[in-house]
Amino acid sequence: MTTERLTPAPPPGELIDSPRFPVAARRELGNAQQRRNLHHATRTIRDKRAQAVGEMDNWQELRAAGGAIKSRVLRHLPEYLEQLEASLTRNGATVHWAGDAAEANRIVIDLVQQTGSTEVVKVKSMATQEIELNEALEESGIAAWETDLAELIVQLGHDRPSHILVPAIHRNRSEVRDIFLAEMGNYGTPPPPGLDDDPVNLADAARGHLREKFLRARVAVSGANFAIADTGSLVVVESEGNGRMCLTLPETLISVVGIEKVLPSFEDLEVFMQLLPRSSTAERMNPYTSIWSGASEGDGPQNVHVVLIDNGRTKALADPQGRTALRCIRCSACLNICPVFEKVGGHAYGSVYPGPIGAILNPQIRGTDSAVDRSLPFASTLCGACTEVCPVMIPIADLLVHMRSKVVDAKKAENTGVHLPHAEPAMMKAGAWVMADHRRLEAAQLATKTSGKVLGHFTDHIGALPWPLSKWANARDTANPPTQTFRDWWKANRAQEEQK
Amino acid sequence: MSAKSEIMQRIRTALEDVPDIPAVDDVPVPWEFGRAVDLSAAGEILDVFVERVEDYHATVVRCPAADLPVAIADGLRATGATSAVVPEGLNPDWLSAADGVRFTVETMPHLSPHELNRIDAVVTASAVGVAETGTIVLDHSADQGRRALTLVPDRHIVVIGADQVVSGVPEAVALLRPAVEAGRPLTWISGPSATSDIELSRVEGVHGPRHLYVILVQERP
Ligand code: SF4
């Protein structure tokens, strides 16, 4: 028996089964349209961010404060979580705890079913993507409607998000028009006839399509950018107003929040509301921020739930060095600045968290059992640009090296049954020295190319020195002789694209 | 074991290396909260506020308190509104010059989302303005109404007094804390609804009000 789906089906397959990064990257590179879209988008936003940050003469102080606040929270998480739960409860919200994705999904499904509603409107949320809530709801006969424009494009396009902030960054306007024309009418208000590919008209079509869903919605599901322990408040930062619609109009609001999202005090917002918008959308301030403290009498949802999820975060927390990755406020600055992300896009990372942060976070929270998670720490040139832009001072490049060591250790333990010391850290230090000067890098890469001992297209330059590299290559299961070094290839391709 | 105690147990095990000392001593935060932002390089605070709100393509007009009713009437006309909803706590004198506009003062029971959707505009006061970022914050007191009022109608005419505008985010956060402690929600508004989701080209007006019309009153109204 085949059952009709309520919402557009995502592409088949599980993210965790994604191929190793180099394999997926080669596949993505074959998509010239996507590469052009990405190039344009990451360039634009990167320049804008530099401008928005350049306006602030205390930016480094703000970053230090942001990093310290997050670090304090992570190191003393139990007391802040207890305080958050108590404040939320006092404010009339019900707090639930979920150890993993299945538990979180079960809780949300039960809560929706208790309302009798068979649909929910959703605010873009990384946490609910991570637990694959939409599919769990669909299987329980509940339709989940994404309401962020980019998420709508992804959902209607039977696609997956490729970026934290602009999930449909891999699509251009004419692709968006085609998706709207083909799919919108199947799931509600159709687009106006004769829709063209002007972004103004495309946004207008989305407004028309979603308005009816907002006005009739009885249940909304959101995430939260911040959860404030002392006042028991959640914060959602957004642009379009779809978040406000979801957070305000329905009777029931269920927010799925990672345990690392807690901030000690309302005052801390002054730091994060300066760091996040400039790092993320590269604006002085995002158009809309909603802050609510449980149920507010006579205003908005009265049935308010908060689901606090672990789902692997405590694994990252257990690594004193790795835990700094949990400071992440999902601004996406590290994605936009990353030369590897710019080329291959988000899909190659096999996770809802792509780019440099994904490369360190996924293997920590999902473990290093899958091929994709083992390859992710190598999806980087270690150029360090991500570390420089990160608003909460996560030492991303150092953590990439750290995670590489862990992957190597895991593999060696598996192969021999014992833990062996490994060459990776030494090699990384050498790699950093090589990377520091592009002439040295190119010379080293030339040597690598000749010797034919490489790690695959995107990792070939990492340890581009004959001695450590040879050790490294022995521990790896690939040895693809390259025809071009990464930098050659990047230069050549970029030059070509810039002419287009 | 409940999910909560299991997670708490995992967290405690994960943090075994952290010394058992107060959080504030373990990780000092090198930051002084609530300071004013120095805008002297950018200009006079109200000018900076106006310029930065306009940067988001919102309309800003400045007027003396006595002219507020006329400014509101002008705003409704300029945005093409013939009907408007206002919160119960709004000073009715403010609406005295807007002939030809059908006003609904929202009382209990509240209007339904569909009813709100049929109204052109909303007129409200506001809580705090932030010069550095061009932000207007609503704390949803009686003169601003519940959140849905300032969300569903397509035009928002918002009044702010000169003495409500502060330099930057830190001062604003400090001023807003009492409202949050009183259980009220906050809405921070920086320009009209916007998206950059398609090729990163900015489009104003997706779901929130597409027209934001700000009236800056010289003295507190
Ligand atoms: S790691 Fe830093 S730069 Fe990257 S998304 Fe997280 S906060 Fe932003």
Side-chain angles (χ1 to χ4, degrees), chain A residues 41 44-45 64-65 68-69 71-72 75-78 91 97-99 103 149-150 166 168 172-173 176 199-200 202-203 206-207 210 215 231 233 239-242 244-245 248-249 266-267 269-271 273-274 281 284-293 296 298-300 310 314 317-318 320, chain B residues 2-4 6-8 10-15 17-18 23-24 26-31 33-34 52 56 113-114 117 130 132-135 140 146-148 151 169-170 173-174 177 180-181 183-201 203 205-208:
Chain A
T44 309
I45 196 157
I69 294 167
S71 173
R72 177 186 285 179
R75 289 166 66 86
H76 299 269
L77 201 48
N91 294 340
W97 299 75
E103 273 178 39
L149 177 55
V166 269
N172 67 11
R173 60 185 72 192
V176 174
V200 173
L202 294 170
R207 178 185 172 101
L210 288 171
L215 297 180
T231 56
S233 316
S239 295
E240 294 169 11
N242 63 305
R244 294 177 66 192
M245 291 278 179
T248 308
L249 297 182
F266 184 74
E267 278 74 55
L269 277 184
E270 78 172 55
V271 172
M273 288 310 294
Q274 295 191 74
T281 49
R284 293 187 181 116
M285 191 60 80
N286 52 291
Y288 297 136
T289 297
S290 296
I291 302 174
W292 73 102
S293 310
S296 159
D299 188 345
D310 174 355
T314 46
L317 198 65
Chain B
S2 74
K4 178 185 172 184
E6 204 167 303
I7 293 170
M8 284 299 197
R10 281 188 227 157
I11 296 174
R12 286 199 188 89
T13 312
L15 293 173
D17 62 300
V18 176
V24 289
D26 181 36
V27 187
V29 172
W31 186 258
F33 288 84
R52 297 202 171 171
Y56 300 123
H114 282 96
N117 198 38
V130 186
E132 187 177 38
T133 60
T135 303
H140 301 282
R146 66 190 175 109
R147 286 172 289 170
L151 173 62
V169 174
V173 167
R177 186 174 176 114
V180 173
E181 280 179 346
R184 290 209 300 276
L186 301 179
T187 305
W188 298 32
I189 299 172
S190 305
S193 154
T195 184
S196 301
D197 279 349
I198 300 167
E199 296 182 12
L200 289 183
S201 58
V203 175
V206 196
H207 305 295

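Letters A, B, ... mirror the listed sequences (proteins, then strands); counts begin at 1. The basis for the numbers below is simple: all heavy atoms, side chains too, and nothing from hydrogens, waters or symmetry mates. These figures come from a predicted structure and were not determined experimentally.
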Check: Any side-chain heavy atom of Met8(B) sitting closer than 4.5 Å to one from Trp97(A)?
Finding: yes
Notebook entry, point to check: Of the non-hydrogen atoms in Ile7(B) and Thr314(A), which two are nearest, and what is the gap between them?
Noted result: O-CG2, 4.4 Å
Item checked: Contacting region of Asn172(A) [heavy-atom separation from chain B under 4.5 Å] -> both
Next item on the list: Grab the two heavy atoms, one from Arg244(A) and one from Arg147(B), that are nearest each other, plus how far apart they are.
Entry: NH2-O, 4.3 Å
Notebook entry, point to check: Once you round to the nearest 0.5 Å, how far does CG of Leu215(A) lie from CG of Asn117(B)?
Noted result: 4.5 Å
Next item on the list: Could you tell me which portion of Val176(A) (side chain, backbone, both or neither) has an atom closer than 4.5 angstrom to a non-hydrogen atom of chain B?
Entry: side chain
Item checked: Ser193(B) side, atom OG; Met245(A) side, atom CE - distance, nearest 0.5 Å -> 8.5 Å
Checklist line | Heavy-atom proximity to chain A below 4.5 Å, by part of Phe33(B) | finding: both
Check: Taking Ser190(B), Gly183(B), Gly208(B), Gly205(B) one by one, which has the highest count of heavy-atom pairs under 4.5 Å against chain A?
Finding: Ser190(B)
Next item on the list: Against chain B, label Ala98(A) side chain, backbone, both or neither, depending on which of its atoms sit under 4.5 Å from a heavy atom there.
Entry: backbone
Item checked: Distance, nearest 0.5 Å, that separates CD of Glu181(B) from OG of Ser233(A) -> 9.0 Å
Notebook entry, point to check: Side chain, backbone, both or neither: which part of Ala206(A) has an atom under 4.5 Å from a heavy atom of chain B?
Noted result: backbone
Margin query: Can you tell me how far apart CD1 (Ile11(B)) and CG (Leu317(A)) are? Round to the nearest 0.5 Å.
Written below: 7.0 Å
Item checked: Where Ala148(B) and Thr248(A) come nearest, the two heavy atoms and their spacing -> N-CG2, 3.4 Å
Checklist line | Met285(A) side chain near Val169(B) side chain, heavy-atom distance below 4.5 Å | finding: yes
Next item on the list: Would you check if Pro199(A) and Glu199(B) make a side-chain contact, meaning some heavy-atom pair closer than 4.5 Å?
Entry: no
Notebook entry, point to check: Any side-chain heavy atom of Arg72(A) sitting closer than 4.5 Å to one from Val29(B)?
Noted result: yes
Checklist line | Heavy-atom pair of closest approach, residues Glu270(A) and Gly34(B) | finding: OE1-N, 2.9 Å
Next item on the list: Quick one: closest heavy-atom pair of Pro192(B) and Pro287(A), and the distance?
Entry: O-CB, 3.9 Å
Checklist line | Asn286(A)/Trp188(B) under side chain to side chain contact (heavy atoms under 4.5 Å, CB included): CA gap, chis, key distance, verdict | finding: CA-CA 9 Å; Asn286(A) 52 291; Trp188(B) 298 32; over 6 Å; no
Notebook entry, point to check: Who among Leu151(B), Asp17(B), Val130(B), Thr135(B) has the most heavy-atom pairs with chain A under 4.5 Å?
Noted result: Leu151(B)
Notebook entry, point to check: Among Gln274(A), Arg284(A), Arg173(A), Glu103(A), which residue forms the greatest number of heavy-atom pairs with chain B at distances under 4.5 Å?
Noted result: Arg284(A)
Next item on the list: Hey, could you give me the CG/NE2 distance between Leu149(A) and His207(B), rounded to the nearest 0.5 Å?
Entry: 7.0 Å
Checklist line | Test item: Ser296(A) and Arg146(B) side chains (from C-beta on) under 4.5 Å apart, heavy atoms | finding: no
Notebook entry, point to check: Taking every heavy-atom pair that is under 4.5 Å apart, which of Pro28(B), Pro170(B), Ala3(B) has the most such pairs with chain A?
Noted result: Pro170(B)
Check: So do the side chains of Asn242(A) and Val206(B) get within less than 4.5 Å of each other, counting heavy atoms only?
Finding: no
Next item on the list: Take Asp310(A) and Arg10(B) through the test side chain to side chain contact (heavy atoms under 4.5 Å, CB included) and record every step on the way to the result.
Entry: CA-CA 9 Å; Asp310(A) 174 355; Arg10(B) 281 188 227 157; 2.5 Å; yes
Check: So which of Thr44(A), Ile69(A), Asn91(A) has the biggest tally of heavy-atom pairs under 4.5 Å with chain B?
Finding: Ile69(A)
Margin query: Just so I understand: if I count every heavy-atom pair under 4.5 Å between each of Pro30(B), Ala174(B), Gly191(B) and chain A, which residue has the most?
Written below: Pro30(B)
Check: Looking at Gly241(A), Ser293(A), Ala168(A), which makes the most heavy-atom pairs under 4.5 Å with chain B?
Finding: Gly241(A)
Notebook entry, point to check: Is Arg177(B) paired with Glu267(A) through a side-chain N to carboxylate O contact shorter than 4.0 Å?
Noted result: yes
Notebook entry, point to check: Can you find a heavy atom in the side chain of Asp197(B) that is under 4.5 Å from one in the side chain of Glu240(A)?
Noted result: yes
Next item on the list: Heavy atoms only: give me the nearest Leu15(B)-Leu77(A) pair and the separation to one decimal.
Entry: CD1-N, 4.1 Å
Notebook entry, point to check: Can you tell if the side chain of Asp299(A) reaches within under 4.5 Å of the side chain of Pro185(B), non-hydrogen atoms only?
Noted result: yes
